[in-house]
Trainee: 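Please read through the structure below; I'll follow up with questions.
Convention: sequence-line order gives letters A, B, ...; per-chain numbering from 1.
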Amino acid sequence: MAAKQLQSIRGIHDGLPSEVRLWQRVEQAARNTFARYAFSEVRLPVLEPTELFVRSIGEATDIVSKEMYAFTDQGNDSICLRPEGTAGSVRAYLQGGLTRAGVQRWFYIGPMFRRERPQKGRLRQFQQIGVEMFGAHGPLEDAEVLAMAHGFLSELGIAGLHLEINSLGCAACRPAYRDALVAYLNQRTESLCGTCNDRLDKNPMRILDCKNANCQSELSGAPEMVDSLCDDCETHFSGLKAGLSALDVPYRINARIVRGLDYYNRTAFEIVTDQLGSQGTVLAGGRYDGLVSELGGPPTSAIGFAAGLERLGMLLADQADPEEAVSLVDIAMVALGESTLIYSMQQAAKLRAAGFRVVHGGGGSAKRQFKVADREGARFVVVIGEDEMQSGRLTLKTMASGEQQQLDMEELIQLIHQAS
RNA sequence: GUGGAUGUAGCUCAAUGGUAGAGCCCCGGCUUGUGAUGCCGGUGGUUGAGGGUUCGAGUCCCUUCAUCCACCCCA
């Protein structure tokens, strides 16, 4: 490493070809699945006014209070790199005048930014695949959104994923539950860890998902939100469970699921894995019926989720069959002798026009060009030397078998098409 | 933000304070028209960076940067 070697910013990584290929598989599964549920892609700004997140996520959250990349620009405006996608989606929904356009079903794929201490699966710039649905309030919509999330990950074929659901209640029933929880925990403060004692004042619900074993054992007899739901929330939650069962989506109830962000109510869910250490949440979301009006719009129900693209990519890489190396090249051109270079390039162009993926070996020794062909994973090599140029025919070598034959361009295209 | 581990060739890793190495990769050769196995040869390092101790530092000390782990947070 040279002393002046430039490197990327801490926690901000490059997506090199092998990783991007994984991401694209994830994205493809998302696009396929979401399209079947009639969701449309939106592309929203990476830069937003800082105030948007202060008002939506909540000033007290870590994300807003210490993790945002916020700064004032040359015009003295306070702007920031988006730390998540929901707030911007709501902003765009309102700004686009879509509140009377019927149910909106959106998804997006893009980078988010949080200045956290980096870890594997936790980057400062990371990518999320997110989904937001506006204007649908019923439990059946919740069930369909969860089924869509489940279908998306099922299509990727990642093993060991579990859907966990909970209800966070609403403004009518949560305050009473929160008080009951605090009352319960106040009798056990000496057994709780330091951070949980802090949380007791600031955000008692957060104690529910503390990782400390002592705290968890203290919680075994704690009141649970799902037992304290008001009638409306209870009806909603049972409707969700019935919907999931009807759609054969496996789930389990986890009363310890809470949300870090203030705007969630009722349905909360996560899809988790035990393969990624402490960053095991691969997809998470929930209902946020209060946010649209919070940001100045009419009362509008909404539900959404976000999945971490890098985390899913890692899971895909872990289970990848090393034998299953995907070939990215159909044909490698081998040009023998200076005089054949131009001609071979023209033949390569014809093969590309026929739809094949072609690399040109670049001339030089036959040995070198065949090595290149092999390394690129080409299934076929087209050899062009003086002889071929004279006769107008091509030598085709099938790399797997080593067989070689002389063909004209038409026959060759035919043959490779058949072999595909 | 707190605590801890680790940084040596492109990659994976060696090297009691005493001449920086191996495997893989890459490049070339084994009658310049034939790859994946074999044989031979070669390129490639200010040991992450910067200081210090020492006759001498990859090795000990300090600083700094990055990665990883746990906490925290969260996708």
Trainee: In Watson-Crick or G-U wobble terms, both distances under 3.5 Å, what is the partner of B:G28?
Mentor: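 Base-paired to B:C40.
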Trainee: In whole Å, what separates the C1' atom of B:A49 from that of B:C65?
Mentor: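 These two C1' atoms come out 7 Å apart once rounded.
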Trainee: Write down the partner of B:A66 under the Watson-Crick or G-U wobble criteria, each distance required to be under 3.5 Å.
Mentor: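 Here B:A66 is engaged in a pair, and the nucleotide opposite it is B:U6.
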Trainee: Let me have a per-nucleotide readout for nucleotides 68-75 of chain B, 5' to 3', with B, S or -, counting only protein heavy atoms under 4.0 Å.
Mentor: SSBBBBBB
Trainee: Counting only Watson-Crick or G-U wobble pairs whose two distances fall under 3.5 Å, which nucleotide matches B:G1?
Mentor: B:C71
Trainee: So A:L98 and A:F134, do their side chains get closer than 4.5 Å, heavy atoms only?
Mentor: no
Trainee: Less than 4.5 Å apart, any side-chain heavy atom of A:L394 and any of A:I384?
Mentor: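 Contact flag for A:L394/A:I384 side chains = yes.
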Trainee: Whether the side chain of A:R10 engages the backbone of A:P118 through a donor-acceptor N/O pair (distance < 3.5 Å, no angle test) should be reported.
Mentor: no
Trainee: Suppose you measure atom C1' in B:G56 against the same atom in B:G18; what distance do you get, rounded to whole Å?
Mentor: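 Each nucleotide's C1' atom is 7 Å from the other's.
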Trainee: Salt-bridged, A:E155 to A:R36, with N to O below 4.0 Å?
Mentor: yes
Trainee: Among residues 147-171 of chain A, which contact RNA chain B at a heavy-atom distance under 4.0 Å?
Mentor: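 Contacts with RNA chain B under 4.0 Å: none.
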Trainee: Tell me which nucleotide, if any, is Watson-Crick or G-U wobble paired with B:G45 when both distances must be under 3.5 Å.
Mentor: none
Trainee: With no hydrogens and no angle check, is any side-chain donor or acceptor of A:R266 less than 3.5 Å from a backbone partner on A:C170?
Mentor: no
Trainee: Check whether any side-chain heavy atom of A:V26 sits under 4.5 Å from a side-chain heavy atom of A:F152, and report yes or no.
Mentor: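 Touching, per the 4.5 Å side-chain cut-off.
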Trainee: Does the cation-pi check pass for A:R188 over A:Y184, that is, NZ or CZ under 6.0 Å from the six-membered ring centre and within 45° of its axis?
Mentor: yes
Trainee: Base, backbone or nothing for each nucleotide of nucleotides 31-38 of chain B, written B, S, -, heavy atoms under 4.0 angstrom, 5' to 3'?
Mentor: --BBBS--
Trainee: Given the C1' atoms of B:C60 and B:U54, what is the spacing between them in whole Å?
Mentor: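 It works out to 10 Å between them.
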Trainee: Could you please name the partner base of B:G21, counting Watson-Crick and G-U wobble pairs only when both distances are under 3.5 Å?
Mentor: B:C13
Trainee: At 4.0 Å (heavy atoms only), tell me whether A:G11 reaches a base, stays on the sugar-phosphate, or touches nothing.
Mentor: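 Sugar-phosphate: the residue A:G11, judged by heavy atoms under 4.0 Å, touches backbone atoms but no base.
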Trainee: What integer number of Å spans the C1' atoms of B:C40 and B:U47?
Mentor: 30 Å
Trainee: Tell me whether A:K350 is salt-bridged to A:E410, with the criterion being a basic N under 4.0 Å from an acidic carboxylate O.
Mentor: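 Salt bridge: no.
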Trainee: Measuring only the P atom in each nucleotide, how far is B:U16 from B:C26? A whole number of Å is fine.
Mentor: 31 Å
Trainee: Salt-bridged, A:R256 to A:D209, with N to O below 4.0 Å?
Mentor: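 Here A:R256 does not pair with A:D209 in a salt bridge, since their nearest N and O are not under 4.0 Å apart.
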Trainee: Test A:Q279 against every option in A:R311, A:E310, A:K120 by the side chain to side chain donor-acceptor pair (under 3.5 Å) rule and name the one that passes.
Mentor: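 For A:Q279, the side chain to side chain donor-acceptor pair (under 3.5 Å) check succeeds only for A:R311.
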Trainee: Looking at every heavy atom in both A:Q104 and A:Y93, which two are closest together, and how far apart are they?
Mentor: CG-CE1, 3.6 Å
Trainee: Checking salt bridge (charged side-chain N to carboxylate O under 4.0 Å, His left out) between A:E48 and each of A:R91, A:R82, A:R55, which is the one that passes?
Mentor: A:R91
Trainee: Taking atom P in both B:U64 and B:A14, what distance in whole Å separates the two?
Mentor: 27 Å
Trainee: When you compare B:C24 with B:U37, how far apart are their C1' atoms, in angstrom units rounded to a whole number?
Mentor: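 Pairwise C1' distance, B:C24 against B:U37, rounds to 16 Å.
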Trainee: Please measure how far the C1' atom in B:A22 lies from the corresponding atom in B:A15, and state the result in whole Å.
Mentor: 11 Å
